[in-house]
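Atom set for the values below is all heavy atoms of this structure, side chains included, hydrogens, waters and symmetry mates excluded. Everything quoted here is computed from the prediction, not taken from an experiment.
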Amino acid sequence: MAAASASHILLTLAPLVLLLVLPQIQAQAPAPAPAGPVNLTGILDKNGQFTTFIKLLISTQVANQIQSQINSSSEGMTVFAPTDNAFNNLEKGLLNNLDNQKQVQLVLYHVTSKFYRQSDLLLVSNPVRTLASGQDVWGLNFTGQGNQVNVSSGVVETPINNVLRQNFPLAVYQVDKVLLPEELSAAKSPSAAPAPEGKKPTEGSNKKVPAASEPAPADDNTGAGGRLNAGLGFVAGLALLCMGVLS
């Protein structure tokens with residue numbers, strides 16, 4: 001009987017003991033560490049083959065701008081990262097010929113100010129504005145079906161081949177071509193100026209200058225009449241001379 005009473009008491013007290021001890025156990029357990037800030041260049045570096053894009057992000061200071069917006073924006077961001085091969089396939093000298101402002105615009109053109117899952121890109125309204133968008137659109141167009149999504153700048157089009165990150169607030173997708181906007185593409189460079197045309201002859205320059213008129217030949221009849229008159233004058237003079245001698 002005593003043993004049964006003791007067991008009954010222990011069963012009654014056990015829940016009370018747990019209620020007292022459990023909060024202390026939970027308090028001693030380490031709390032999960034808060035998620036650190038998202039680091040775009042760290043994600044790219046970890047995946048490799050994005051050395052050129054990382055250098056551009058840093059040299060143009062766009063990395064700092066993106067980093068600040070990623071961790072403060074409620075909309076998140078989406079980055080389309082070209083591989084090193086993508087930059088190597090650009091027209092020779094194109095990247096180096098861009099001044100700093102245009103390099104900044106090129107990098108910003110690969111970033112949207114909203115977080116998009118890959119499936120969301122098929123539902124967007126084209127063109128999608130980028131961080132380079134201002135008064136000009138500088139937008140991207142997305143097409144495809146199923147799991148295949150293509151992104152186009154109007155100059156180049158490429159599929160999204162690899163998802164590097166797809167957790168809010170940042171999505172990062174690999175692209176195998178540099179997304180050149182029409183404003184920066186080689187197709188927009190001015191063509192060579194046409195060679196100047198030869199000077200057209202002025203009006204009347206083709207007209208022939210009339211040759212100097214030659215003196216008209218003497219009229220034979222006029223010459224004969226002159227000789228006749230001279231002869232008659234000589235005869236008349238001779239006659240007068242004879243008359244003077246005789247007188």
Which atom pairs, one a donor and one an acceptor, fall under 3.5 Å between side chains of residues 100-109 and the rest of the protein, sequence neighbours left out?
residue: Gln103; atom: NE2; partner: Leu95; partner atom: O; Å: 3.4
residue: Gln103; atom: NE2; partner: Leu98; partner atom: O; Å: 3.4
residue: Tyr109; atom: OH; partner: Gly139; partner atom: O; Å: 2.8

Inset, instruction - Heavy atoms only: give me the nearest Val175-Ala86 pair and the separation to one decimal. - result: O-CB, 4.4 Å
Inset, instruction - Scan residues 148-159 for pairs that pass side chain to side chain donor-acceptor pair (under 3.5 Å), counting only residues two or more places apart or in two chains. - result: Gln148-Asn150
Legend entry - Inter-residue atom distance Leu170.CG - Thr78.OG1, 0.5 Å rounding: 7.5 Å
Inset, instruction - State the NZ-OG distance between Lys114 and Ser74, to the nearest 0.5 angstrom. - result: 10.5 Å
Legend entry - Residues forming a side-chain contact (heavy atoms from CB on, under 4.5 Å) with Asp120, sequence neighbours excluded: Tyr116, Arg117
Legend entry - Enclosure of Asn147 CG (heavy-atom neighbours >12, cutoff 6.0 Å): no
Legend entry - Intermediate values then yes/no, side chain to side chain contact (heavy atoms under 4.5 Å, CB included), Ile160 and Leu121: CA-CA 10 Å; Ile160 295 175; Leu121 295 172; 3.6 Å; yes
Inset, instruction - Using distance alone, with no hydrogens and no angle criterion, decide if Gln69 and Gln65 have a side-chain donor and acceptor under 3.5 Å apart. - result: yes
Inset, instruction - To the nearest 0.5 Å, tell me how far Arg165 CZ sits from Leu44 CG. - result: 11.5 Å
Inset, instruction - Write down the atom of Thr130, the atom of Trp138, and the distance for their closest heavy-atom approach. - result: OG1-O, 2.9 Å
Legend entry - Sidechain-backbone polar pair: Asn141 side chain, Asn126 backbone, donor-acceptor under 3.5 Å: no
Inset, instruction - Take Asp176 and Asn85 through the side chain to side chain donor-acceptor pair (under 3.5 Å) test and state the conclusion after the steps. - result: CA-CA 7 Å; Asp176 292 335; Asn85 285 336; over 6 Å; no
Inset, instruction - Would you name the heavy atoms of Met77 and Val111 that are closest together and state the gap between them? - result: CE-CG1, 3.6 Å
Legend entry - Main-chain N/O of Thr112 paired with Arg129 side-chain donor or acceptor, under 3.5 Å: no
Legend entry - Nearest atoms (heavy-atom pairs only) where Thr60 meets Leu57: OG1-O, 3.6 Å
Inset, instruction - Go through the steps for Leu90 and Leu180 under the test side chain to side chain contact (heavy atoms under 4.5 Å, CB included), then give the verdict. - result: CA-CA 10 Å; Leu90 284 176; Leu180 277 177; 3.9 Å; yes
Which donor-acceptor pairs under 3.5 Å do side chains of residues 47-55 form with protein atoms, sequence neighbours excluded?
residue: Asn47; atom: ND2; partner: Ile43; partner atom: O; Å: 2.7
residue: Gln49; atom: NE2; partner: Gln174; partner atom: OE1; Å: 3.3
residue: Thr52; atom: OG1; partner: Asp84; partner atom: OD1; Å: 3.3

Inset, instruction - Indicate the atoms forming the closest heavy-atom contact of Ala63 with Ile58, along with that distance. - result: CB-N, 4.4 Å
Legend entry - His110 side-chain N/O to Pro82 backbone N/O, donor-acceptor pair under 3.5 Å: no
Inset, instruction - Would you mind listing every ring-ring contact (aromatic ring centres under 6.0 Å, His included) that reaches into residues 150-177, with sequence neighbours excluded? - result: Phe80-Tyr173, Phe115-Phe168
Legend entry - Minimum side-chain heavy-atom gap Val178-Val156 below 4.5 Å: no
Inset, instruction - Tell me, please, which residues at least two apart from Gln118 pass side-chain hydrogen bond (donor to acceptor under 3.5 Å, both in side chains). - result: none
Inset, instruction - Would you please name every residue forming a side-chain hydrogen bond (donor to acceptor under 3.5 Å, both in side chains) with Asn97, sequence neighbours left out? - result: none
Legend entry - Any residue meeting side-chain contact (heavy atoms from CB on, under 4.5 Å) with Ser113, in chain and number order, not counting sequence neighbours: Leu131
Legend entry - For the student: nearest non-hydrogen atoms of Ser73 and Glu75, plus distance: OG-N, 3.0 Å
Legend entry - With Thr41 via side-chain hydrogen bond (donor to acceptor under 3.5 Å, both in side chains) - residues at least two apart: Asn39
